[in-house]
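Below is one structure, written out as structure tokens, with a few remarks after it.
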Amino acid sequence: MKIFLDTAEVEEIRTVARWGVLDGVTTNPTLFGKAGGGSYESILSEICTITKGPVSAEVVAEDLDGMLAQGRSFAKLAPNIVVKIPMSETGLEAISRLKAEGISTNCTLVFSTNQGLLAAKAGAVLISPFVGRLDDINQDGMIVVRELVEIFAVHDIKSEVLAASIRHPLHATLAALAGCHIATVPFKVLQQMVHHPLTESGIKQFRADWDKAQPKGNGHRSAV
Ligand code: E4P
């Protein structure tokens, strides 16, 4: 499963890129608002210098012409920009029109399997079911992920399922187990995925045992 970072914070993206686990980035207007510093376009351009993977840029226009204009403008920023279009009747049309122009899209705000299926048929390369927001209203968000993964496999649909609205490490594990193609993960959740208390205590213990095992005052080298 590919890991995307769900953020518009450039320093978080640089950090995860250094870890060697970054496959792409998703942004949205809320994440842009939290990041601060510069226009959305300048932040997107900078992100595209850090990763060659897909970088999702979300339109805010609700009419077709506005969606198309924003989408075309984002697509000019870098070759790896994927235009994020919210699911709706107009959104489907925008996805279809942008596909005809060779512009890749990510259909966002997907909350049902049928929405995801239609978005794929319209031509979105990424389909984003929002797991956490469904969980929030007492529905199992992972069901949509599982069903879309299965339907895309059965019908040989080339779009990729991108599990979004990931709130904790278990969501990432369950998405991977479901065969989901991509999970987009907030930086904090990715850090939670890295750490384990037994790893931390194990590192401390090994270092302490190593130090104890060093002969004293005979010129032998210690670890550092
Ligand atoms: C990413 O593509 C989505 O916009 C994001 O995962 C939404 O997450 P949230 O439900 O935590 O806002």
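Start at 1 with the first residue, then count along the sequence. In each ligand, atom 1 is the first atom listed, and ligand 1 is the first ligand listed.
- No more than 12 heavy atoms of other residues, nucleotides or ligands sit less than 6.0 Å from atom CD of Glu62.
- Heavy atoms of other residues, nucleotides or ligands lying less than 6.0 angstrom from CD of Glu41 number more than 12.
- Shortest contact from atom 8 (O) of ligand 1 to any protein heavy atom: Ser165 CA, 3.4 Å.
- Shown here is Glu89, whose CD atom has no more than 12 heavy atoms of other residues, nucleotides or ligands within 6.0 Å.
- The nearest protein atom to atom 7 (C) of ligand 1, hydrogens excluded, is given as Phe130 CE2, 3.6 Å; this is a heavy-atom distance.
- Protein heavy atom at the shortest distance from atom 11 (O) of ligand 1 is Arg167 NE, 3.4 Å.
- Asp135 and Gln139 are not linked by any side-chain donor-acceptor pair at a separation below 3.5 angstrom, with hydrogens and angles left out of the test.
- The nearest heavy-atom contact from the protein to atom 6 (O) of ligand 1 is Asp6 OD2, 2.6 Å.
- Side-chain contact between Thr108 and Glu58: present, with at least one pair of heavy atoms (C-beta onward) separated by less than 4.5 Å.
- Which parts of ligand 1 touch Lys84 is read off a 4.0 Å heavy-atom cut-off, strictly below it: atoms 1 (C), 2 (O), 3 (C), 4 (O).
- In this structure, a donor-acceptor pair under 3.5 Å is present between the side chains of Ser39 and Ser42.
- Interface atoms of ligand 1 facing Asn28, defined by a heavy-atom separation under 4.0 Å, are 3 (C), 4 (O), 5 (C).
- With respect to atom 12 (O) of ligand 1, the closest heavy atom belonging to the protein is Arg133 NH2, 2.8 Å.
- Listed by atom number, the atoms of ligand 1 under 4.0 Å from Thr26 heavy atoms are 1 (C), 2 (O).
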